[in-house]
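Scope of the values below: all heavy atoms of this structure, side chains included, with no hydrogens, waters or symmetry mates. Keep in mind that what you see is a predicted model, and the values were worked out from it rather than measured.
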Amino acid sequence: MNSITKFLLGALAGTTVISAPAAEAPKPYGAIPTPQQVEWQRMEFYAFIHFGLNTYTGREWGYGDEDPKMFDPKSFNASEIVETFKKGGMKGMIYTAKHHDGFCAWPTKTTEHNITKTPWKGGKGDVVKEFADACKKHGIKFGTYLSPWDRNHAEYGRPGYLDAYYGQIRELLSNYGPVFEIWFDGANGGDGYYGGARERRNIGKADTYYNFEHIVKMIRGIQPNCIIWGAGHHGDARWGGSEKGHVNYPHWSTVAKEGGNAGTGKRGGERWVPAEGDTTINHAGWFWHQGQAGRVKSPETLMQVWFDSVGRGANLILNVAADKNGKLDPADVASLMEFKKLRDELYAKDFARGAKVSGSQVRGKDKKFAASNMTDGKIDTYWAVEDDNLTPTAIITLPKPATFDVIRIREQIRLGQRVDSFNVDAMIKGKWVCIDNGGKTIGNQVMRVLPAPVTAQKLRLRITGSQATPCISEFSLLKQPAGAIRPTISRVGDQLVILPKDTPIVYTTDGSNPNPNSPKYTANAKYEGAGMVKAAALLKGNKLGPVTQTKLGICKKGWKVISTSNGKGQAAIDDNPRTAWLAPAEGNQTITIDMGKAHQLDSFSYIPRQDGQTKGMTDRYVFEISADGKQWTKAAEGEFSNLRANPIELNVKLKNNGQAARYFRFTGTHALDGSGTSAAELNVFPK
């Protein structure tokens, strides 16, 4: 059969056998990720574990003078911890090998302040090695955190410290196998022990002092595949902008040449440096703290963090701290596992998988760039159109109607982040209805959570703005799982407040777990005691939902503000953290409280202002108690660490030898920014 006959037969059949040349892929646009960054972004979720001397002191930032002999975790089992992380769906873990207090949890040659000076395993232990080996055993990736700030080292702030710090980096990256990520924290300089000097040291510009450019080159030479978090503007990943796990939307994976841009990034930025959302599974802080079981975040709260980090194109690193025995808190583990179940339910069914898709255009009419690539379940295939088409449209037809409330879309980030905005429509009763018109950029991925579930069979994706021709790799439709009802517990004066209001709740005030026969909560319930209050939703069939608990301090009914430096102060004891006592004057500012009767006090807690402002936020304090309001005893003095990034309630143990007190006064001796003192709430707890 000759070529003419072939052509005629093809024409009669309504097709042509003449093949068009294969279309070329779009050229990369702007900054693009390295292969290592692509692999890292696809991890999505991994663990942080803070575990060191701070675990034993109850502090978040150790001063540097802590005795290594405190460190003796008698039940520590790295394999057990790592196995828990893997079961929780985490793809890796990052261990705080050295925090700001300078204690090194491995036998380093760079400082005497290390694991060899502890009683644990007779000074022969190595926490870093045990975690690295456990990660290898259980098939997840190992990473490490190495604070640049060292409040113990005598030479910190001087050139002599850098030799030690560079040596620590080399040890961690040379002796423990592959390290997928190394973390450099942003806390740098201030008060410290510094070999006994006990002074304040400032380093000026961190990038200049540490020479992060040199550090990055050193890391690349030892472990070229290691993702570098921070390191000034030289790293591969950046902070998400808070320690609540949330990043901003829109989230651009690109930043300015000189870095910065926190959770948002910069549209059209010169470098690809995606964000990482970091937070703790527990409201108590990054390190383990006594009594934190009642402050664990619920799986539903963690799901919101997931949508606000992973759902905005960032990674999520979730801290789960070990206690003094080297064990994870059972309450934390339970929440982690329930969080895993919720995520599994979310991803169990992609209603758009295998759906028919027709695009308004296909690049070069080449099937390699077909719109159906968005629903084939393969992250590396993608839909592309011609270079001059910045606003294409695709219609997705599902096999049958489906009910969903989450739309997930991905760009092919190997070619850059291109899309500026998009809308999604659904065919409802024969008409196109816009169900999401707030879509901004897409990038690595975006999950758009709809205000209410939508049922539809046909949808339309409209790219409404792009910097370059869009390259869309995935379009998915998901359904959120129904979370459990978890009561919240608080108190105003002597009035107990348990929410939600429209659900039957049973509760206890003696520390025991509620049962179906426990008292039912009513709006007029009163509780003037102090201790652990527990509650659970009463479900059908006399079954209970998850138990939540809150430790309440001494009831503030009848409390009076005796004096303050600025004549005000009721907001510090109104049981409402949204209000705050603010004393902006220069110098130390004091608030004095009369509790109405004497109590034997065990601890107090401080809640910093919660309005997003840090001016006047108290980071150093003195807490005093008195039986008569005349003779005063100093019961605590110290600092509140990490308030700027993590303004949570902080509990402080008192040193009062069981002394009874009717009065207490709180004095701010230093402010984080500016001058003055502030407190959103002050609580005290009895023995």
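- Heavy atoms from other residues, nucleotides or ligands lying under 6.0 Å from NZ of K136 number 12 at most.
- Residues I407 and V424 come closest through the heavy atom pair CD1-CG1, 3.8 Å.
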Decide side-chain hydrogen bond (donor to acceptor under 3.5 Å, both in side chains) for N225 and E39; before the verdict, give the C-alpha distance in whole Å, the side-chain angles of both, and the deciding distance to 0.1 Å. CA-CA 10 Å; N225 294 324; E39 181 179 352; over 6 Å; no
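- Here R408 pairs with E474 in a salt bridge; the nearest charged N to carboxylate O distance falls below 4.0 Å.
- Taking the charged nitrogens against the carboxylate oxygens, D308 and R312 do have a contact shorter than 4.0 Å, which makes a salt bridge.
- Within a 6.0 Å sphere centred on NZ of K440, heavy atoms belonging to other residues, nucleotides or ligands number 12 at most.
- Here H283 pairs with nothing under the ring pair (Phe, Tyr, Trp, His ring centres under 6.0 Å) rule; sequence neighbours left out.
- Screening residues 367-379 for salt bridge (charged side-chain N to carboxylate O under 4.0 Å, His left out), with sequence neighbours left out, gives no hits.
- We find the CD-CD distance between Q480 and E300 to be 11.0 Å, quoted to the nearest 0.5 Å.
- A salt bridge does not link R343 with E44: every distance from a Lys NZ or Arg NE/NH1/NH2 to an Asp or Glu carboxylate oxygen is 4.0 Å or more.
- Listed by first and then second residue, the salt bridge (charged side-chain N to carboxylate O under 4.0 Å, His left out) pairs involving residues 205-230 are R220-D236 (not counting sequence neighbours).
- F85 has its ring centre no less than 6.0 Å from the ring centre of H138.
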